[in-house]
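See below for the structure under consideration.
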Protein chains: 2
Amino acid sequence: MPPIKVKMLETEGGKGGAKAAPSKRPRAQTRIQREKQEVILEAALDVFSREGFRGATIDQIAEAAGMSKPNLLYYFPRKEEIYQRLLAEMLDIWLAPLREIDSVGDPVPELRSYLRRKLEMSRDYPRQSRLFANEMLQGAPRVLEMLETDLKALVDDKAKVIEGWMDAGKIVRTDPYHLIFSIWATTQHYADFDVQVRAVLGKDRGGEGRFEDAARFLENLFLHGLLPKQ
Amino acid sequence: MPPIKVKMLETEGGKGGAKAAPSKRPRAQTRIQREKQEVILEAALDVFSREGFRGATIDQIAEAAGMSKPNLLYYFPRKEEIYQRLLAEMLDIWLAPLREIDSVGDPVPELRSYLRRKLEMSRDYPRQSRLFANEMLQGAPRVLEMLETDLKALVDDKAKVIEGWMDAGKIVRTDPYHLIFSIWATTQHYADFDVQVRAVLGKDRGGEGRFEDAARFLENLFLHGLLPKQ
DNA sequence: CAGAAATTTGACCAGTTGGAAAAAACGTTA
DNA sequence: TAACGTTTTTTCCAACTGGTCAAATTTCTG
């Protein structure tokens, strides 16, 4: 599976390399380069996911990363570059659960585990989720193309799988696209609207129980709905 | 129902009035004041809902409103003030559907119409939804307090209503809070992730049909789930 | 139409922003 | 340890930011 591509501005091969080796062969990355880049990306994820691209400043990121602005710019010469690195990384892990949906499987365990994996993502990578949400709110200027091609193709494919389950009478006939949207919406909500969820549930119900409650609820909702059988 | 309060910075009574009448009685608003303020709020909603508070600039808003920056600042002396006006207005209309859920009603029509009203909101006020989403992503710095008091109280109240339906055996026993979250998530998704929905559905399915499809799907999902009865 | 009040404009300002440049400090290895 | 490449810091800049102010213009009211 090729890594998701995000519209890239020219950056000598996109390697984000320090402007070290000026003309010859670009030498392998040093230990410090790898480490610092990691620290920077971590800090940038924090800031970008909260403030969005425009709202975030290099200074904020540099401070969060514990280094000076010019020092940060030594590793990533442009703000855009950091953002796009994060976006691309993110899209890759974010779509993994959808890719795993299997056509040969039975719908019940298959949907159940998709729900659960998406919910785990929201729990374990909430900043990535918010980064993506921020990009969506801005109209997806940097990923629109890939949404219309790669993502659409992937969803079309999985929609077919779901339709297969309907044809086999294993699940009720309904719109597979809106089903996928609903799963995305309900699971990502716990990352993107985390503050609201916490505020409404109150101090006490904020911990690990929250995750299990949500998982159980969503499983029941998607499989059985609210009305009692018969 | 008192209007939602948002943390306000001091602005001579919060009336957002032009700095006209300096000391005496503050004179009624002129026609021009009403009109221009409306234009400004419209433009600001556009920009803030896309870029978030920090990402938006007064210049952008002024240009979208077709006036100069100092002219805009004549009507709203601070950027914060515009943003908070929009937030407060928004929270009020946004929560109206939830307030309307009635304890005496039957769950089926009651939930159905709540779903539909929330979905209509996403269709008719998508920018307001994105404004709110942006505020959430930033950690709700301006509304956290009201989420923890007003909103929590309202949701607690409606959760009780839903629990009443469960006690009466009219709907399956489940977590009312997560049920409410799910309705918020699924309906608001169509406003907040509009670009993605459009991209995945393709050019053809972008129109008015989309809304009806979503409404029908969600109704079925929430009432019956995916598994065939029996 | 005169005068007052309301509105708009242009010039300006201090602080912030993304980024460039060069020099200084550091680390590695022959 | 000298020489070289790497990393960090200092200094700087032009554009942009939110906001002020006084003067010029327009609108309203008697």
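Throughout, a chain's letter reflects where its sequence line sits, starting with A, and its residues are numbered from 1.
When the P atom of C:dA6 is taken as reference, atom CD of B:E35 falls 16 Å away, rounded to whole Å. Spacing between atom CD of A:Q33 and atom C1' of D:dT6 amounts to 8 Å, rounded to whole angstrom units. Taking atom CZ on B:R54 and atom C1' on D:dG18, their separation rounds to 12 Å, with Å as the unit. If you measure from atom CG of A:N71 to atom C1' of D:dT9, you get 8 Å, rounded to the nearest angstrom. For the pair B:Y75 OH and D:dG19 C1', the computed distance is 18 Å after rounding to whole Å. Regarding B:M67, its CE atom lies at a distance of 17 Å from the P atom of D:dT26, rounded to whole Å. A straight line from CD of A:E81 to C1' of C:dG18 spans 14 Å, rounded to a whole angstrom. Regarding A:D59, its CG atom lies at a distance of 16 Å from the P atom of C:dG15, rounded to whole Å.
Atom CD of A:E63 has 12 or fewer heavy atoms from other residues, nucleotides or ligands within 6.0 Å.
The closest donor-acceptor contact from the side chain of B:E135 to the backbone of B:R142 lies under 3.5 Å. Side-chain atoms of A:K79 come within 3.5 Å of backbone atoms of A:F53 as a donor-acceptor pair (strictly under, hydrogens ignored). No side-chain donor-acceptor contact under 3.5 Å links A:K36 to the backbone of A:Y75. Side-chain N or O atoms of B:R130 include one that pairs as donor or acceptor with a backbone N or O of B:A191 at under 3.5 Å.
A close approach under 4.0 Å does not occur between any side-chain nitrogen or oxygen of B:Y74 and OP1 or OP2 of C:dT9. Contact annotation: A:R78 side-chain N/O to C:dG18 OP1/OP2 distance is not under 4.0 Å.
Side-chain contact of B:Q37 with B:Q33: a donor-acceptor pair under 3.5 Å is absent, judged by distance alone.
Computed from C1' positions of five pairs at each end, the angle between the two local axes of the helix from C:dC1-D:dG30 to C:dA30-D:dT1 equals 10°, rounded to 10 degrees.
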field: Derivation of the salt bridge (charged side-chain N to carboxylate O under 4.0 Å, His left out) call for A:K160 and A:D156
entry: CA-CA 6 Å; A:K160 286 247 162 50; A:D156 281 342; over 6 Å; no
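For C:dG18, its base sits under 3.5 Å from the side chain of A:K69 at one donor and acceptor pair at least.
When distances run from any side-chain atom of A:K79 to the nucleotides D:dT8, D:dG19, C:dG19, the shortest one goes to C:dG19. When each of C:dT17, C:dG19, C:dT9 is scored by its nearest atom to the side-chain atoms of B:S68, the top-ranked nucleotide is C:dT9. When the nucleotides C:dG19, D:dT20, D:dT9 are ranked by their closest atom to the side chain of B:P70, D:dT20 comes out on top. In the set C:dT8, C:dG18, D:dT7, C:dG18 carries the atom at the smallest distance from any side-chain atom of A:T57.
Residue contacts shown for B:A56 are limited to sugar-phosphate atoms, with no base heavy atom under 4.0 Å away.
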